[in-house]
Amino acid sequence: GNSVTQMEGPVTLSEEAFLTINCTYTATGYPSLFWYVQYPGEGLQLLLKATKADDKGSNKGFEATYRKETTSFHLEKGSVQVSDSAVYFCALIQRDDMRFGAGTRLTVKP
Amino acid sequence: NAGVTQTPKFQVLKTGQSMTLQCAQDMNHEYMSWYRQDPGMGLRLIHYSVGAGITDQGEVPNGYNVSRSTTEDFPLRLLSAAPSQTSVYFCASSYGPAGGVVGYEQYFGPGTRLTVT
C-alpha cells in the first residue's frame, strides 16, 4: 500500500540556517504530495503542494519538488526564522487514500 | 467564517463508555474527514465523507462510527471506548478531493484530546 517516510526529528537550528526535511514515499501511479505545518496547540495548515511530477510547490520561503525518479518530496528553506518552529508533516493523497508521515519537530533558536 | 470547529477540546472517558466528537464547518465543503494523531505515527484517516449521506472507511475505522446528514456536520462516535483510542482527533474539510490534479487544501479543526482510562 501507499506510505510516507519522513525524516525523524527533532531538528534544532539557529536562526538563518538552511533547512532540509527529507520525505520519501511509496505509491503506484502519481499521487499528490503535500507539506502541512502544525503550530503548538493548533490543527494542521497546508504549507505547499505538488500534484504532478517535477512540479515545485512553494510558500513563505519554503520549497519542495516532486521527484518521481527518487520518489521524494524534500522540504527546504534557505533561512529559517524563530517563527518557523513547528511540526512539519509530509502527506501523500491518491484518490481517497490519505497518508501522513510521522512529523518532524523543528525548533529554531535565536 | 469560523472554519472547522470541534467540540469538546478535551475529554476523559472510562473504558466502555460511548461518546460523540462533534465537527462542523461553515465553508460549504463537500469533503470531510476524521483523523487521529498519535506520537510517532503522524495522522491516520479514520472515516471520510464526500458529501451528505455518503461515508466511507479510512485506514483505521474499527471502533468508530460516522454519519453525514448535513453538509455542515460530521460527528464521530466512539461506541465503546478503549485505552487504545487515547489520541488527539482532528476533523478536516475541503471543497473538493484532496488528491488528484487540483489537490484541494484540507482545512483542519483545532483537535480534541481524548483520554480513555
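The sequence lines fix the lettering, A, B, ..., with proteins before strands; numbering per chain opens at 1.
No single ILVMFWY cluster, assembled from side-chain heavy atoms under 4.5 Å apart, contains both B:Leu45 and B:Val60. Taken together through direct or relayed side-chain contacts under 4.5 Å among Ile, Leu, Val, Met, Phe, Trp and Tyr, B:Val88 and A:Met98 form part of one hydrophobic cluster. Residues A:Tyr39 and A:Ile21 are members of one and the same hydrophobic cluster, defined by side-chain heavy-atom contacts under 4.5 angstrom among Ile, Leu, Val, Met, Phe, Trp and Tyr. The cluster map of Ile, Leu, Val, Met, Phe, Trp and Tyr, joined by side-chain heavy atoms under 4.5 Å apart, puts A:Met7 and A:Leu47 in the same cluster.
Interatomic distance, CZ of B:Arg44 versus CZ of A:Arg99, reported as 10.0 Å (0.5 Å rounding). Remark: A:Gln45 CD to B:Glu105 CD distance equals 8.5 Å, nearest 0.5 Å.
Residue A:Phe100 comes nearest to B:Leu43 through the heavy atom pair CB-O, 3.6 Å, listed as atom of the first residue, atom of the second, then distance.
Interface remark: A:Glu8 contributes no atoms to any contact with chain B (heavy atom separation under 4.5 Å). Contacts of A:Tyr36 with chain B are made by side-chain atoms alone, with heavy-atom separations under 4.5 Å and no backbone atom involved. When heavy atoms are compared at a cutoff of 4.5 Å, B:Tyr107 does not approach chain A at all. At a 4.5 Å heavy-atom cutoff, the contact between A:Lys49 and chain B is made by side-chain atoms alone. Residue B:Gln6 does not touch chain A at all, counting heavy-atom pairs closer than 4.5 Å.
With respect to chain B, the highest number of heavy-atom pairs below 4.5 Å among A:Gly103, A:Gly101, A:Ala102 belongs to A:Ala102. With chain B as the partner, the residue from A:Asp55, A:Leu44, A:Asp97, A:Leu46 showing the most heavy-atom pairs under 4.5 Å is A:Leu44.
Looking at residues two or more places apart in sequence or on another chain, you find a side chain to side chain contact (heavy atoms under 4.5 Å, CB included) between B:Thr5 and B:Ala2, B:Ala24.
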| query | Going through the distances and angles, do B:Gln106 and A:Phe34 end up as a side-chain contact (heavy atoms from CB on, under 4.5 Å)? | reply | CA-CA 10 Å; B:Gln106 292 190 78; A:Phe34 303 79; over 6 Å; no
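Around NZ of A:Lys68, the count of heavy atoms belonging to other residues, nucleotides or ligands within 6.0 Å exceeds 12. Around CZ of B:Arg77, the count of heavy atoms belonging to other residues, nucleotides or ligands within 6.0 Å exceeds 12. Taking a 6.0 Å sphere around CD of B:Gln17, one finds it holds more than 12 heavy atoms contributed by other residues, nucleotides or ligands.
Taking the side chain as every heavy atom from C-beta outward, B:Phe108 and A:Gln38 never approach each other to under 4.5 Å.
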